[in-house]
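In what follows, a single structure is set out as structure tokens and then discussed.
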Amino acid sequence: MMKQGKGRAALSSQPETKKFRLLAFGIARDIVGGNEVDIELTDAYSVGALKTALQENYPDFKRLKSLAIAVNETYRTDEHILNTNDEIVIIPPVSGG
Amino acid sequence: MMKQGKGRAALSSQPETKKFRLLAFGIARDIVGGNEVDIELTDAYSVGALKTALQENYPDFKRLKSLAIAVNETYRTDEHILNTNDEIVIIPPVSGG
Amino acid sequence: MIDIQLLTTSLDTQECIRLVEHPSSGGTAVFIGTVRDTTKGKPVIRLEFEAYKPMAIAEMQKIAETIVDRWSALKVVIHHRTGSLNIGEIAVIIAVATPHRKAAFAACEYAIDTLKETVPIWKKEIFEDGDVWVAAHP
Amino acid sequence: MIDIQLLTTSLDTQECIRLVEHPSSGGTAVFIGTVRDTTKGKPVIRLEFEAYKPMAIAEMQKIAETIVDRWSALKVVIHHRTGSLNIGEIAVIIAVATPHRKAAFAACEYAIDTLKETVPIWKKEIFEDGDVWVAAHP
């Protein structure tokens with residue numbers, strides 16, 4: 001682990017909560033009830049943790065054929081770590097064409 | 001064998017020659033030197049016999065990738081028997097499209 | 001060489017075909033996706049398409065670049081429409097010009113198959129008695 | 001349902017696409033064969049097409065009927081041109097509309113492959129230093 005700055009060192013053993021703003025399209029917009037939704041994650045800020053939080057807060061996401069997350073216009077796997085200033089988008093099953 | 005009429009009975013043991021008029025397209029037109037060519041067949045009037053006669057009279061036909069005969073706008077196999085009033089067409093390798 | 005468009009207005013097949021003209025092209029394959037009047041026997045009133053625009057364009061661009069690389073395509077056009085579409089209207093046009101025809105067919109089919117898997121565009125079918133986001137559920 | 005034409009004038013892609021419009025169509029595949037500027041690296045000046053017309057039309061009709069039977073096509077158009085064609089000009093347009101796209105691609109590719117094997121049309125490539133009947137020799 002990297003050595004933390006003095007302000008953060010005092011909090012290093014406490015879980016930290018971060019808020020992420022997500023864009024929602026298609027059926028995801030219907031599920032969250034709007035074009036945007038804020039999701040708070042504690043300690044783990046990965047795409048996987050975000051998907052779990054979405055499915056816990058909105059169980060309808062569990063019924064979809066798939067659920068993907070795009071970060072700054074690129075699909076990302078569950079291991080990818082999010083930053084609060086990323087453009088994060090919920091991608092339900094696509095159906096263009 | 002069917003019993004022949006009196007006029008033909010007299011000729012039944014002699015070979016008979018028939019003349020067939022063929023249409024020629026594409027490279028076949030160049031080989032025979034015109035849009036039409038007459039071919040005489042003796043005794044055997046099949047598509048196979050016609051092809052053999054064409055290749056004997058115009059050896060360039062042997063150099064083609066394929067040689068087909070259409071009779072009344074339908075491809076016919078070597079066994080098919082020709083009539084002198086059929087529309088007979090020499091079909092060199094096609095290359096449409 | 002590549003022309004990608006996400007449009008809210010009617011798509012123009014003639015324009016797409018003009019865009020893929022090339023003197024070394026021997027074969028052009030075009031796919032036109034239109035709004036069908038029924039889904040599993042049920043009458044459809046219209047379709048509504050929406051897109052996550054910047055990423056939809058980026059993903060279509062990726063498809064086109066793959067086609068240029070893999071099939072030596074001379075020109076690739078992908079135009080997709082969003083908004084409300086009536087029966088018979090065109091949702092997508094894909095045109096690929098290649099020197100030989102086999103590559104044009106393979107590339108064009110790859111494009112529409114991949115578009116339907118990766119490009120963030122969603123369509124909702126509007127029926128008389130409600131609506132359904134296509135392919136959302138298993 | 002089937003439109004077969006053997007024409008001496010320019011082929012019209014827009015017209016062919018219009019002819020295959022159908023409310024139950026979800027996918028239309030179009031093949032456009034154009035005159036390429038080179039053959040095996042050698043510059044081509046123009047192409048000359050000739051046809052045994054009644055049989056060419058009959059054989060194209062057979063192809064279209066097979067497509068309707070085998071792929072449940074809603075509409076099939078095959079337009080072929082004869083005469084002298086310059087680089088970039090269209091020699092053939094095939095358009096197939098089906099309810100689902102896979103069938104449209106398969107049927108359209110079947111049509112051009114079969115046309116090139118069975119339809120009595122011949123093309124001669126005109127080079128600067130002579131001409132060659134395409135595919136005549138092994």
Side-chain angles (χ1 to χ4, degrees), chain C residues 11-18 20-41 43-44 46-47 74-75 85-113 115-116 123 125 134, chain D residues 11-18 20-41 43-44 46-47 74-75 85-113 115-116 123 125 134:
Chain C
L11 302 187
D12 182 343
T13 49
Q14 199 63 4
E15 168 73 358
C16 291
I17 288 166
R18 194 190 59 73
V20 296
E21 287 176 1
H22 190 289
S24 299
S25 171
T28 297
V30 184
F31 176 75
I32 303 164
T34 47
V35 177
R36 206 172 41 233
D37 59 3
T38 54
T39 288
K40 291 164 192 160
V44 172
R46 66 175 194 279
L47 291 190
L74 301 161
K75 302 261 193 168
L85 275 73
N86 295 317
I87 307 306
E89 286 197 281
I90 299 174
V92 63
I93 301 172
I94 299 171
V96 181
T98 57
H100 299 282
R101 74 182 187 282
K102 286 278 169 205
F105 278 108
C108 193
E109 194 161 12
Y110 166 84
I112 183 63
D113 288 352
L115 184 150
K116 284 174 174 275
K123 65 172 165 250
E125 286 174 328
V134 175
Chain D
L11 302 187
D12 182 341
T13 50
Q14 198 63 7
E15 168 72 357
C16 291
I17 289 167
R18 193 189 61 70
V20 296
E21 286 177 1
H22 190 288
S24 299
S25 170
T28 297
V30 184
F31 176 75
I32 303 164
T34 47
V35 178
R36 206 171 44 231
D37 59 3
T38 54
T39 287
K40 291 165 191 159
V44 172
R46 68 175 194 280
L47 291 189
L74 301 161
K75 302 258 194 172
L85 275 72
N86 294 316
I87 306 304
E89 287 197 280
I90 299 174
V92 62
I93 301 172
I94 299 171
V96 181
T98 57
H100 300 282
R101 74 183 187 284
K102 285 279 168 204
F105 278 108
C108 194
E109 195 162 10
Y110 165 83
I112 182 64
D113 288 353
L115 184 151
K116 283 172 175 277
K123 64 171 166 253
E125 286 173 328
V134 175

Side chain, backbone, both or neither of S24(C) within contact of chain D (heavy atoms, under 4.5 Å): both
When the 4.5 angstrom heavy-atom criterion is applied to Q14(C) and chain D, the contacting part is both
Closest non-hydrogen atom pair between V44(D) and R36(D), with its separation: CB-O, 3.8 Å
When only pairs under 4.5 Å are counted, which of C108(D), A97(D), A104(D) shares the most heavy-atom pairs with chain C? C108(D)
In terms of heavy-atom proximity below 4.5 Å to chain C, should S25(D) be classed as side chain, backbone, both, or neither? both
Chain D contacts, top residue of A95(C), G88(C), P99(C) (heavy-atom pairs, under 4.5 Å): P99(C)
Are E109(C) and R101(D) close enough, and set up right, to give a salt bridge (Lys or Arg N to Asp or Glu O under 4.0 Å), and what steps lead you there? CA-CA 9 Å; E109(C) 194 161 12; R101(D) 74 183 187 284; over 6 Å; no
N-O pairing of E21(C) and R18(C) below 4.0 Å: no
Value for CD1 (I87(D)) from CG (L47(D)), rounded to nearest 0.5 Å, stands at 6.5 Å
CD1-CD1 distance between I32(D) and I112(D), expressed to the nearest 0.5 angstrom: 11.5 Å
